[in-house]
Amino acid sequence: MTTATLSRWDRFRESFLWYSFKRDKVAIASFVVLVLMVLAAIFAPLLAPADPYDLAQINIMNSELPPVGLDGSDPAFPLGTDAQGRDLLSTILYGTRVSLLIGFGAVLLQAALGILFGLLAGYLGGRVDSILMRIADVQLSFSTLMVAIIVGAVFKASFGNLMFGEIAIYMLIFIIGVSEWPQIARTVRASVLAEKKKEYVDAAKVMGFRTGRIMFRHILPNTLSPIFVIATVQIANAIISEAALSFLGLGMPETQPSLGSLIKSGFDYIQSGSWWITLIPGLVLVVLVLVINLLGDWLRDVMNPRLYKG
Amino acid sequence: MLAFLVQRISQAVLVMFVISVIAFAIQDGLGDPLQQMVGMSVSQEEREAIRDEMGLNDPLVVQYLKFAGNALQGDLGTSYFYGKPTLDVILEHLPATLELVIGASLIILVFSVPIGVYAAIRPQAWLSKFFMGVSTVGISIPVFLTAIVLIQLFSIGVTVDWFPEDAGWGQWLNAALSTEGGLPSYGRGDELTPLFGTWNSGFFSQGGILHLVLPSISLASIMLPLFIRLIRAEMMEVLQSDYIRYARAKGLSSARINFLHALKNTMLPVITVGGVQIGIMVAYTILTETVFQWPGVGLMFLEAITRSDIPLIVAYLMVVGLIFVITNTVVDLIYGLVNPTVKLTGKKA
């Protein structure tokens with residue numbers, strides 16, 4: 001078993017992926033920043049000076065303190081506090097955790113849906129293909145954000161505020177996953193169409209394998225690299241969608257904030273001069289999305305040689 | 001061509017049918033109109049009688065047909081909050097949103113074409129690389145965050161005092177980095193010019209235009225990077241084509257080649273894709289209008305959600321659905337007209 005993992009590691013070290021990663025400074029920098037942010041989010045309970053979910057630790061007298069370096073700041077709160085007196089650094093760490101969780105969860109869901117529907121449409125063809133792709137076209141023409149806002153609005157109206165707040169994470173994963181599946185389904189379908197003409201598929205058919213086995217065991221592994229590229233960009237999109245929904249009040253409640261709901265709660269106080277409550281989480285969100293997008297760009301260039309830029 | 005026309009239009013009708021079914025399902029699943037109308041004191045028998053009378057006990061298909069029939073006649077129910085027909089409420093709010101979209105489109109048009117063309121003609125110039133870098137960053141900034149930053153900079157204003165005030169350069173840097181503020185960040189102002197019907201325009205007064213500035217820039221910020229990339233990509237493809245090479249061989253001036261021959265063929269796909277993107281902008285107006293309290297349909301929709309004003313939510317879905325379907329169909333038809341090689345979907349190859 002150990003030899004198998006070792007050889008896989010060796011193979012990775014000799015791959016083109018690793019070679020081009022080593023030579024691309026932007027990719028390395030983005031990757032380092034992303035890993036740091038993910039680690040900070042995972043270990044938020046250990047790193048954060050305070051627990052923003054614990055009401056006993058919050059003192060309203062500490063509300064709207066500015067970050068260290070400005071007049072009236074308190075060294076106990078390095079990035080200042082929000083309007084409820086929560087330590088902003090801690091809420092941002094926990095908020096990044098929520099945003100990343102929803103981003104990854106939503107992409108897992110849309111990848112599952114997209115791979116299933118894309119494989120079915122591409123391999124079976126005919127009526128299945130035209131119905132599924134029609135639905136995908138229509139959904140895309142409405143823009144995924146619009147679909148997510150409408151589904152979110154309907155869910156919120158039917159569950160009520162309190163109930164929605166409790167299950168908000170799962171709701172958001174579901175809403176964003178369902179509203180963005182066409183992107184992945186289209187990519188999968190396109191590569192399945194190319195793959196299914198190849199000889200190994202004919203061979204598998206001649207050997208009498210079942211359709212399901214050919215689709216998932218033989219064709220799917222060969223379509224993974226475009227899925228990987230688009231899934232990376234989709235994580236960034238999912239995080240932005242989540243932030244937008246939360247900003248509109250259709251997402252995470254303020255008691256369990258994501259980066260989007262932090263920006264929203266801070267926006268109410270921007271006119272009184274407390275810019276840091278909204279702009280610092282905003283900056284974190286932009287950096288997070290930017291590094292994921294840059295990594296996605298790099299992956300696309302490496303994995304899809306046809307798109308090599310001049 | 002006729003087959004193409006019929007196919008596209010029947011597809012549009014089908015999509016509109018699906019939207020109306022979804023809207024009907026939302027109306028049916030979310031609201032009990034009886035509860036909104038009668039109090040607690042009404043007995044169970046009386047409730048049933050009223051339900052029968054209102055047709056709420058009819059089979060779902062009959063209820064849907066009634067809903068669709070009313071919708072076709074322009075009757076989408078009455079808003080709980082405004083106490084007016086929902087379509088009137090939407091028509092009152094629509095001009096504000098349209099002006100926002102027009103303002104943003106103007107900004108996109110003015111900036112995306114020169115930048116995109118420049119980046120295509122000189123892909124290696126540092127200015128092109130700068131623009132492409134900025135547009136990558138621009139895609140990563142959510143529209144509401146751009147709006148908030150704009151409000152902080154140009155409405156509230158920023159005073160910078162990081163540099164020593166006694167040195168000349170420090171004073172200059174402080175002044176250069178500080179912003180004045182003062183631009184309106186709330187609503188449309190009160191200097192609106194009535195045009196026709198419910199359309200009060202902000203384009204004809206200084207106050208109205210000042211109110212438009214920040215919201216339009218915010219809305220444009222999300223689409224501008226996409227358009228710059230699109231124009232650049234299309235233009236670079238056109239510049240590779242044979243007829244451009246022929247024009248060069250013939251000795252035409254590069255300005256004539258770039259702007260007369262290449263740009264003309266670049267703009268065709270840009271206009272069709274652009275048409276769809278303008279439709280997608282409707283989704284972003286919800287965010288922009290929320291930040292700026294802009295009294296358009298996006299803000300109206302969001303308020304309808306918080307007020308559980310179900311008829312208004314349903315009417316908004318129908319109207320926005322119709323706008324999407326019409327823009328997409330028209331764009332498809334134009335594309336089919338100017339580019340006859342477009343493949344008819346559904347036709348066996």
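Note on naming: letters A, B, ... go to the chains in the order of the sequence lines (proteins, then strands), and numbering restarts at 1 for each one. Computed from a predicted model, the values in this text were never measured in an experiment.
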Select one option (side chain, backbone, both, neither) describing which atoms of [X] are under 4.5 Å from chain A's heavy atoms.
X: B:Leu302; result: side chain
X: B:Val18; result: neither
X: B:Ile22; result: neither
X: B:Leu287; result: both
X: B:Ile19; result: side chain

Go through the atoms of [X] and report whether side chain, backbone, both or neither lie under 4.5 Å from a heavy atom of chain B.
X: A:Leu279; answer: side chain
X: A:Ala244; answer: both
X: A:Ile292; answer: neither
X: A:Ile239; answer: neither
X: A:Leu288; answer: neither
X: A:Ile149; answer: side chain

Any idea which of A:Leu145, A:Leu294, A:Val147 has the most non-hydrogen atom pairs under 4.5 angstrom with chain B? A:Leu145

Under 3.5 Å, is there a donor on one side chain and an acceptor on the other for B:Arg232 and B:Ser128? no

Are A:Gln110 and A:Gln234 close enough that a side-chain donor and a side-chain acceptor fall under 3.5 Å? yes

Picking from B:Ile139, B:Leu317, B:Ile148, B:Ile151, which has the most non-hydrogen pairs under 4.5 angstrom with chain A? B:Ile148

Top contributor to chain A interface from B:Val15, B:Thr306, B:Ile286 [non-hydrogen pairs under 4.5 Å]: B:Ile286

Plane angle bin for B:Phe301 and B:Tyr316 - parallel if under 30°, tilted between 30 and 60°, otherwise perpendicular: parallel

Parallel, tilted or perpendicular, judged at 30° and 60°: which one describes the rings of A:Phe174 and A:Phe155? parallel

Can you give me the closest heavy-atom contact between [X] and [Y], atom names plus distance?
X: A:Ser258; Y: A:Val98; answer: CB-CG1, 3.8 Å
X: B:Gly298; Y: B:Glu289; answer: N-OE1, 2.7 Å
X: A:Ala148; Y: A:Ile175; answer: O-CG2, 3.5 Å

Other residues, nucleotides and ligands only: do more than 12 of their heavy atoms fall within 6.0 Å of CD on B:Glu237? no

Assess the residue pair A:Arg189 and A:Asp129 against the criterion (side-chain contact (heavy atoms from CB on, under 4.5 Å)); give the C-alpha distance rounded to whole Å, side-chain angles, the decisive distance to 0.1 Å, and a yes or no. CA-CA 9 Å; A:Arg189 174 178 173 270; A:Asp129 183 29; 2.7 Å; yes

